[in-house]
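Residue numbers start from 1 in every chain, and the chains themselves are labelled A, B, ... in the order their sequence lines are given, proteins ahead of strands. Heavy atoms only: backbone and side chains are in, while hydrogens, waters and symmetry mates are out.
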Amino acid sequence: MEPFQMIGKDVPRNDARAKATGTAAYADDLKLPGMLHGRILRSPLAHARILHIDTSRAEALTGVRCVITGQDIPQVKYGNWRLFPDTQDEYALAVDKVRFIGDEVAAVAAVDKDTAQEALELIDVEYEELPGLFDVESAMAGDAVPIHDHCRNNTSVNRKIAYGDVEKGFAESDYVREDTFRVHAVSHAYLEPCSALAQLDLDGRITLWTSTQVPYIVQCLLASTLEMRENDVRVIKPYVGGGFGGKMELRTWEFCAAFMAKRTGRPVKFTLNREEEFLAGRRRHPMTIHSKVGFKKDGALVAKDLKITLDGGAYNAMGPTATFLCGNFGAMLYRYPNYAFYGRHVYTNKPPASAMRGFGAPQSLYASEIQMNMAAEALGIDPVDIRLKNAQKSGDKIPDVATISSCGFTESIQEVARMSDWKKKRASLGPGRGIGIGCYSFISGGVFNWFNTQYPFSAAEVRAFSDGTVHLLTMASDIGQGSDTALKQILAEELGLRMEDIRITSADTAMTPQADLGSWGSRVTLMAGNAVVDAARKIKERLFGALSARYNLNVIYEMECREGRVQPKGRPDRGMSFGEAVAMVQKASRGEPLVARGSYTPRDKGLVTPAFGFGAQVAEVEVDRQTGLVEVKKMWTAHDCGTVINPKGVEGQLAGSIQMGLGYALSEQFVMEEGRTLNTNFLDYKMPTALDMPPGEVVHVETYEPEGPMGAKECGEGLASPTAPAISDAVYHATGYRCKDLPITPEKILEGMNAGGKKKS
Amino acid sequence: MPLPKFEYLSPKSLEEALQLLADRGEGTHLLAGGTDLLVKMAHGHLKPRAVIALKQIDALGGIRFDPGKGLFIGATALLDEVASHPDVKAHFPSVAYAAQQTANVQIRNMGTLAGNLCNAAPSADNAPVLTAMGAEAVIAGPKGERRVALDRFFKGPGQTVIEPGEILTAVHVPVIPSGFGTSYQHVSPRGKVDIAAVCVGAMVGMDGATCKEARIVLGAVAPVPMRAEKTEALVRGKALTPEILEKAGRQASEEARPISDMRAGAEYRKRMTAVLTGRALKQAAEAAAN
Amino acid sequence: MKQLLTLRVNGITHELSIDPWRTLNEVLRDELNLTGTKLGCGSGDCGACTVLVDGRSVSSCLTLAASVDGKEIATVEGLAPSGEQLHPVQESFVENGAIQCGFCTAGMEMSAVYLLGRNNAPDEEQIRAGLSGNLCRCTGYNQIVEAVAAAAEKMKPS
């Protein structure tokens, strides 16, 4: 393969300058003439019937333009996107009941923020309080009150996977162990609170600027809930201040902004505050994970029986998909000849959990990875060796999932062990010091198409101009991860252009080609990247045709776009500039612009994903054995994301994952009391700061993914998984405390050490 | 959330401020750095009728050190000014350190040490060591000035001896006598930048290896920063051996009356009281020797 | 009653009539349309709203506009006033991958400018401490720390 020109280069982000200078506009930075300010009234109760809402005092307040409740809006449910009618359980505003503290009850739009706030306090709601269910055990009990009338035992999803014969597998195993793990809820904690601005267009259509990861899905769901046609709603994604899975559904404020803009004829903006984000915001699913695994004496895995109960909170949100994926993640990473999974998604009267970076993997893999270490210890095998023994490899088939194409997992484990000096440190670190390992594999986009669309999964349009520039249009959503830049690099590579030759317009559903399912599941680089390559190749074919005609070239010539020129390979003298070639194509088609559409939809790639990323991570910690405080000294990572498109971008994703994993392992949690989130600010929701971040060392184990654009695949989401188990294992190594119940708090460490946690040998 | 509506007053002198405080009466709050007041207002916990800003009053600003009289920290002196002041660093290192450990950079550039005390959070970083050092609050009121030692200053969470109509004008820290040393120790789950789950301030006077005087103040383990008097008695007259330090820690943890809240459990707080008391005594004794 | 204020923002004098309960953040964003300064939490914990007042970094969300009457305010928009040549801190942020979603960027840059103003050759620990009042959820901070070190290098008097 020829070396790349643009791929693998540290190209600065497309939007870096705009962001560095403060000129990049996010949703809350937008203002329109006559704009109203919206606020949401939230339920103070965890579970209650709404008997009566009186909005008259609020409506009478000077400056209030519109007050709405669940009774005023079309009664169209959404939830877990659409198509699965029985998982749709949510109205934009509560209709009959409130189901968690913070549930949306009414909305106000007023001439300024102060008035909107004042009006909220003038809405009188009469509730009949119902018993609250705050954990999955009581929610599933036979006599539990149903949180949603249609749902027995408050269990909204039952999902099973089975292949091989697990019972036979356990019978044939030399060593079987069963463990129960509990993992907790954490916040996406994106820095930009959600915000949406809606405008009624002159022709009665709606334009919505919103902080979202999924403009197309918001368009579809908003249209259906407003009882409008899809094309009557235009969704534009401005700059978005992070998402991590927390901005991938239609949300109340998006609906209310649009609905109230229609009602009032004036633009309406809603911006949440941080307290609302923490009180009522989506979060990562808490789960109870019961796992039984069987091994041969030599460490070879034989069977796994995995039962996971997800605490979904009051609504499904993206929980059904997370339930589905947990089952798949349970059988990824290692070879499980016999496997069974039973996943349940259970309603409780808490803020809904939903997708969050890893989409079920961080929870599922925490259990698998810790259990792997416990088994290794019992079998007398080094944790690194037991992983190498069972690691999935290229060509492995995961039943009902896929055949793994590129796979650098074994190399990742070997590299990370080498970099961290694993064997020596595992044997010789002093008291209070420890080293631990965690691994992951992750999907490169989802095939499970629970969002029915008539469009391709990703699409791109390339317009070429005779001045040597091109315009890339794509609905792919850059929410900070840098996809606009990566897609431009892919296009620049394919067309032999420079970054500055490419203009990009992304994520405007009225302007960019239908469609794109959004930024989630690590899908954008592979899927939108492939769509870009497809469009670029169509452009090239046209340019090559023109060149061929111009020089009367023999058909056997291979041609290329390179360094701004279009030419036969090895015959640059018979070439011309990119712009000249575009002009020729246009002349030949009598002024018709040179435009090409590309698309990507995974076909014949199973029901889960077209490709997998892999990696391994080692953490070294120091534990103060008197206070139980953990300091992570260093993180080593070796991972396989296929071809690295932008090294700094990849490394940034990786460090960001470590920060999130560090918080997940050690400091972040929601403190809940009777369904109320107590820590609703960053003072008490303890996200790691720059001082808490350890230094890191990284090796990219490059593979070439045949299904990906230029060999690339997922990066940065899978890495949300290994950090917590690596730190947890290192804490065990340092103190003898084995955490089966995240987070690892100083209190638990001290208790664990007191309880005679095994001293390390 | 938008702030509630209030009247804003910015007097230029202490007399004017006291007069405004008397005139406006109930519902009037003083604003120094605002880092606690504005948070309370933004979260809807406080709706003042009037806010009197103290920043324009020159007499309330600044940090003064007098080798004979000690240190005066004005009511509007910023935490960062305390933390970085050369005299504070040289003569009152634990005072500088506690200020440095309070909140984050921006808050230290806005918030004041006096405000940290007036807010009277049980976990206030600056309270334990100042209390241990015998610092006093200088309070002006309609009837003149009075001084209250910090170990009598706090009444409960958010409550102090400051009466309506009074203003804390400065904090006075006496000179550390020769042969004495101080220490501030704290622990919090996020490690580096966090509100303390437990904090301990200590001042000890040493005669060789023997501790002749000790004042130990525990934070975040009672409604107010509290003196651990039995622990002080336990170490007085003893050599601070590892055994004594451990005993002292156990005694302090018995004296502590912590609650469980979202920041830490009571049991953990008791345990940390023991650990930090031992560490504080040890460090203070070392400082005394230097 | 509205307060009459004079704010000097990025060297430009603004005469304003403002409700006393308005924060500096609201005045910058809503009145002066300087939306580069963000609002991330409203309680001084995240640093996204950091600006300089008379040279000190503060949280604009916890600063009453009335309390900074007559003072010099510096925001991200003032770092590269010409609109062409970026400030060395901005330039380093762009070059070092210190920017992802960008929502923390303005606050981070202002904290970095404040830090480098006090200490023109900070070591890594000092940089981390200087940025510890600014939260970031995307980058894991390391590339930001590298960017500040690179900026210090660029700003070194030759």
Listing needed: what donor-acceptor pairs below 3.5 Å join chain C with chain B?
from     : atom 1 : to       : atom 2 : distance (Å)
C/Gly44  : O      : B/Asn104 : ND2    : 3.4
C/Thr50  : OG1    : B/Gln106 : NE2    : 2.9
C/Arg56  : NH1    : B/Asp80  : OD2    : 2.8
C/Arg56  : NH1    : B/Asn109 : OD1    : 2.5
C/Ser57  : O      : B/Asn109 : ND2    : 3.0
C/Ser57  : OG     : B/Asn109 : ND2    : 3.0
C/Ser111 : OG     : B/Gln106 : NE2    : 3.4
C/Tyr114 : OH     : B/Asn109 : OD1    : 3.2
C/Tyr114 : OH     : B/Asn109 : ND2    : 3.2
C/Arg118 : NH1    : B/Asp80  : OD1    : 3.3
C/Arg118 : NH2    : B/Asp80  : OD2    : 2.5
C/Gly133 : O      : B/Gln106 : NE2    : 3.4
C/Asn134 : OD1    : B/Gln106 : NE2    : 2.9

Heavy-atom proximity to chain C below 4.5 Å, by part of B/Ala53: neither
Contact summary for B/Ala42 and C/Gly42, nearest pair of heavy atoms: CB-O, 4.2 Å
B/Leu37 portion near chain C, given a 4.5 angstrom heavy-atom threshold: neither
Side chain to side chain contact (heavy atoms under 4.5 Å, CB included) between B/Ile107 and C/Val58, intermediate numbers included: CA-CA 7 Å; B/Ile107 299 288; C/Val58 303; over 6 Å; no
Contact origin within C/Leu131 toward chain B - heavy atom pairs under 4.5 Å: neither
Distance, nearest 0.5 Å, that separates CG of C/Leu64 from CG of B/Leu31: 5.5 Å
